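By convention here, the first residue in the shown sequence is residue 1. Being a predicted model, the structure only gives us computed values, none of them experimental.
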Amino acid sequence: GIWVRTAGTMALKIEISHNIIVGSDIAGDFDYHSGIEVTGTDKIKAYIWNNIIYDFSSSLGEDNFAILVYGGPPGAYIYNNTIYNCNWGIHSYDSFSLLKNNIVHSTGDDYLGSIDADSDSNLGEDAAFAGAPDAVAIPPLVGQGRAVCQRSESPPAPQKGAPPTAPGL
């Protein structure tokens, strides 16, 4: 995965985008690993968008995150990411992150932690996930090998998209 950590007191702006990140699938698995992890966000303003992250899961432990933002304000702006088959989806720990237009499926919890009240248009498998305003539950997906598609009997996707705009972009 991608791990960004601050060193010193310098304030940084980082951008992580357009990646396909696949978790470990080797025998034994890992107790802890993440697709994208940004720690020390009291010094970093992170923009995380347009990533596909999957297979960060393990039978050995639950600390396998698709996206983990940790360390205090100013948090992160996380949008247009697709997450599948991870122990945890998007976790904002000790920092208020703004989430828009994310799809999280087949995770233990889709969205958790300190999520900004202005977050919206996030899709997830959980019928009601706390802290993700304007969230819409999506029906289970069926896979054919590694290909994943929406069931033919599923209702059409709601027109809930929001433009990826935020201060500083």
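With a 4.5 Å cut-off on side-chain heavy atoms, N102 and I83 do not count as touching. Here the side chains of Y111 and H91 are not in contact, with every heavy-atom distance at 4.5 Å or above. Counting only heavy atoms from C-beta outward, the side chains of I16 and V38 approach each other to under 4.5 Å. Using a 4.5 Å cut-off on side-chain heavy atoms (C-beta onward), I48 and I90 make no contact.
No donor-acceptor pair under 3.5 Å is formed between the side chain of N81 and the backbone N or O of I53. Of the possible polar contacts, none joining the S106 side chain to the N85 backbone as a donor-acceptor pair under 3.5 Å is found. No donor-acceptor pair closer than 3.5 Å links the side chain of Y93 to the backbone N or O of L112. In this structure, N51 contributes its side chain and N19 its backbone to a donor-acceptor pair below 3.5 Å.
A cation-pi contact, defined as under 6.0 Å to the ring centre and within 45° of the axis, links K13 to Y47.
Checking each of D120, I115, D116 against D118 for a side chain to side chain contact (heavy atoms under 4.5 Å, CB included) leaves exactly one that passes, namely D116.
With sequence neighbours left out, the side chain to side chain contact (heavy atoms under 4.5 Å, CB included) criterion links I52 to I20, Y54, T82.
Between S57 and N87 the shortest heavy-atom distance is CA-OD1, 3.0 Å.
In this structure, CH2 in W3 is found 11.0 Å from CG in L68, a value given to the nearest 0.5 Å. The CD1 atom of I78 sits 12.0 Å away from atom CG of N80, with the distance rounded to the nearest 0.5 Å. Note: I36 CD1 to I2 CD1 = 5.0 Å, rounded to the nearest 0.5 Å. Annotation: the span from E15 atom CD to Y77 atom OH amounts to 12.5 Å, rounded to 0.5 Å.
Hydrophobic clustering of Ile, Leu, Val, Met, Phe, Trp and Tyr side chains at less than 4.5 Å, counting indirect connections, unites V22 with Y84.
Side-chain contact of T107 with D110: a donor-acceptor pair under 3.5 Å is present, judged by distance alone.
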